[in-house]
Amino acid sequence: MMTEITETKDFIRNIIKEEMENGRFSQVHTRFPPEPNGYLHIGHVTAIYADFSIAEEFGGQCNLRFDDTNPIKEKTEYVDGIMDDIKWLGFDWEDRLYFTSDYFDQLYTWAIQLINQGDAYVDDLDMDEIRDYRGTLTEPGKNSPYRDRSITENLELFERMKAGEFPNGSHVLRAKIDMASPIINMRDPVMYRILHADHHRTGDKWKIYPMYDWAHGQSDSIEGVTYSLCSLEYLNHRPLYDWFLDKLGIDHPQQLEFGRVSINHTITSKRKLRRLVEGGHVDGWDDPRLPTVIAMRRRGYTAAALRDFCKTTGLSKSHRHMDVGMLEHAVRNDLNTVSPRAMAVMDPLRVVVKNYPEGQVEWFELPDYPQDKKNRPATRKVPFSRLLYVERDDFMEEPPRKFFRLGIGREVRFLGAYYITCTDIVKDEDGKIVELHCTYDPESQGGRTPDKRKVRGTIHWVSAHHAITATARLYDRLFLSENPEAEDDFITDLNPDSLRVIENIQLEPSLANASSDTVYQFMRKGYFVPDEKESTPDALIFNRTISMRDTWAKRGK
RNA sequence: UGAGGAAUAGUUUAAUGGUAAAACAACGGACUCUGACUCCGUCGUUCCUGGUUCGAGUCCAGGUUCCUCAGCCA
């Protein structure tokens with residue numbers, strides 16, 4: 001007897017499981033259908049994860065299909081970018097890369113079938129007239145005067161549309177359904193419009209292009225897709241999806257809808273993202289403050305973290321407004337296990353260890369993964385000398401209660417080195433502290449003393465003469481309000497402090513050959529990654545992926 | 001005010017007529033050579049009102065709120 005594992009499933013997986021048991025389909029085949037008109041963002045990641053992971057769990061496959069039915073908006077640049085992002089996220093469509101434009105000929109043949117069946121007609125009404133005839137949410141529409149043309153006339157007109165004899169907007173092919181349907185989508189939806197535009201794949205071959213509704217279900221059917229997962233707003237389109245497939249009498253995939261994900265303090269509307277980029281409010285589609293996949297990647301977010309975020313977040317039948325904290329938790333959680341540690345001082349304060357011999361240097365061997373030394377034994381050498389840098393805010397002249405770091409007369413542990421006691425401070429004429437005078441206990445090397453006395457504080461440090469100077473870019477939420485999309489003008493809601501550049505941070509020398517495919521934990525400060533575009537060995541620039549949780553800093557608030 | 005969809009902790013998701021659960025957040029504590037990590041604890045009369053039932057988040061009736069649809073966008 002096997003142990004029953006009761007694993008929580010979302011409603012989509014439950015439906016699929018049930019239908020597979022009933023034998024409705026013999027396999028699970030999904031597809032991810034992006035339109036190549038922009039870059040992928042965190043909202044798409046949820047859909048990608050659903051499409052690929054569900055197929056995989058049920059032993060099926062997931063296709064990548066570019067939904068390229070609108071040549072005016074689509075570009076090859078986006079096709080390449082999207083493929084890159086999906087690969088980086090860790091998903092593989094193998095040899096199943098498709099384009100809706102691959103099916104333009106088949107779609108055209110099927111359109112003729114519908115005309116012959118009396119299920120489609122060419123309409124001469126212009127855009128405004130069609131809108132007027134459509135009616136409103138509460139009033140039925142009325143039939144177009146061209147609705148009852150003969151099949152022969154429809155065939156001839158449609159052929160001439162295809163041949164490019166008519167200008168844009170002069171004719172459309174419409175499905176003949178029901179102008180009084182309470183479902184507005186069913187009021188004779190447009191199947192083809194005339195567009196004299198070059199297509200990124202088919203060039204100038206076509207003068208007519210299919211609409212989403214006419215293309216999508218048929219493309220799914222051609223590819224043998226069994227489950228066509230999409231977002232909630234397509235629920236209204238399902239009757240039409242089904243209608244086309246039924247009229248054509250071809251394989252009929254099941255459309256299933258789930259709620260989109262949005263994250264607070266950011267935006268995912270493609271139009272608004274474009275405005276940020278084009279308006280120069282951010283530094284391109286890969287600006288690390290953006291929720292696009294390329295940006296998150298540049299910032300140091302990992303694919304594993306993103307996948308884990310999707311997994312723990314699940315699927316539901318309503319739109320979700322997620323707290324960015326949940327995403328950040330997934331990032332910290334993954335980085336905590338995979339990031340090598342290093343020391344970097346962001347705001348340097350000089351320390352002279354008075355009783356440490358002038359000119360002496362000791363190289364301490366420190367673990368890269370102190371939290372997992374067994375499985376990750378890598379180490380690096382870090383120099384210690386008489387002149388060091390520590391973090392300015394790790395010293396306080398008048399320390400409050402429960403402050404465990406440096407102060408006059410206080411002893412703390414310098415990570416991986418010695419116990420250090422501050423004896424004196426040096427100020428400049430403005431009263432600003434410029435240097436700390438300290439002593440070290442030679443018996444405390446390795447972080448312990450023979451007398452086993454305890455120190456509460458452990459701080460990081462860098463040897464001044466060996467330190468590498470670098471730049472750090474600290475990112476914060478892009479928008480001040482939780483839901484910038486709801487603001488009258490989301491531009492005015494931009495956080496003026498979303499980027500802080502800090503020059504002259506001091507790094508331990510092992511970071512000299514830091515690479516942009518490794519995210520480092522600067523101990524006690526956060527996770528940092530060299531910027532893949534702008535960091536060079538001579539001028540290192542680190543992006544802060546995310547800060548450490550800091551319960552001490554919170555106390556002050 | 002047509003049609004469709006959704007309401008469970010601050011947020012997100014479970015519980016499929018049988019003790020309302022988990023993650024994140026917040027707060028309190030323990031531990032710690034990272035004030036990180038880890039661990040422990042605290043935080044809900046399931047949108048409302050009735051009904052069925054020994055028993056209702058779940059079933060029924062009525063109501064409320066929110067979302068989607070009137071592109072020749074997807």
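So that the names make sense, note that chain A is the first sequence line, chain B the second, and so on, each numbered from 1. Because only heavy atoms are used, hydrogens play no part in the values below, and waters and symmetry mates are left out as well, while side chains stay in.
- For B:rU13, its base never sits under 3.5 Å from the side chain of A:Asp10 at any donor and acceptor pair.
- With ring centers used as reference points, A:Tyr78 lies under 6.0 Å from A:Tyr39.
- Taking 4.0 angstrom as the limit, A:Arg131 places none of its side-chain polar atoms (N or O) nearer than this to OP1 or OP2 of B:rC72.
- Judged by distance alone, with hydrogens and angles left aside, A:Arg341 brings a side-chain donor or acceptor within reach of the base of B:rU34, the pair sitting under 3.5 Å.
- Closest to the side chain of A:Asn336, from the set B:rA70, B:rC37, B:rC73, is B:rC37.
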Study note, to complete from the structure: 5' to 3', nucleotides 22-32 of chain B under a 4.0 Å protein heavy-atom cut-off (B base, S sugar-phosphate only, - none) gives -BS-SS----B

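- Counting only Watson-Crick and G-U wobble pairs whose two key distances fall under 3.5 Å, RNA chain B forms stems of three or more stacked pairs at B:2-7 with B:64-69, B:10-13 with B:21-24, B:26-30 with B:38-42, B:47-51 with B:59-63.
- Proximity of the aromatic rings of A:Phe32 and A:Phe66 is defined here by a centroid distance below 6.0 angstrom, and this criterion is not met.
- Nucleotide B:rG71 carries a syn base; the chi torsion (O4'-C1'-N9-C4 or O4'-C1'-N1-C2) is within 90° of 0.
- No N or O donor and acceptor, one from the side chain of A:Gln371 and one from the base of B:rU38, sit under 3.5 Å apart.
- For A:Arg238 and A:Glu257, the salt-bridge test passes: some basic side-chain N is under 4.0 Å from an acidic carboxylate O.
- Under the rule for a side-chain contact (heavy atoms from CB on, under 4.5 Å), the partners of A:Thr76 that lie at least two apart in sequence or sit in another chain are A:Asp80, A:His200.
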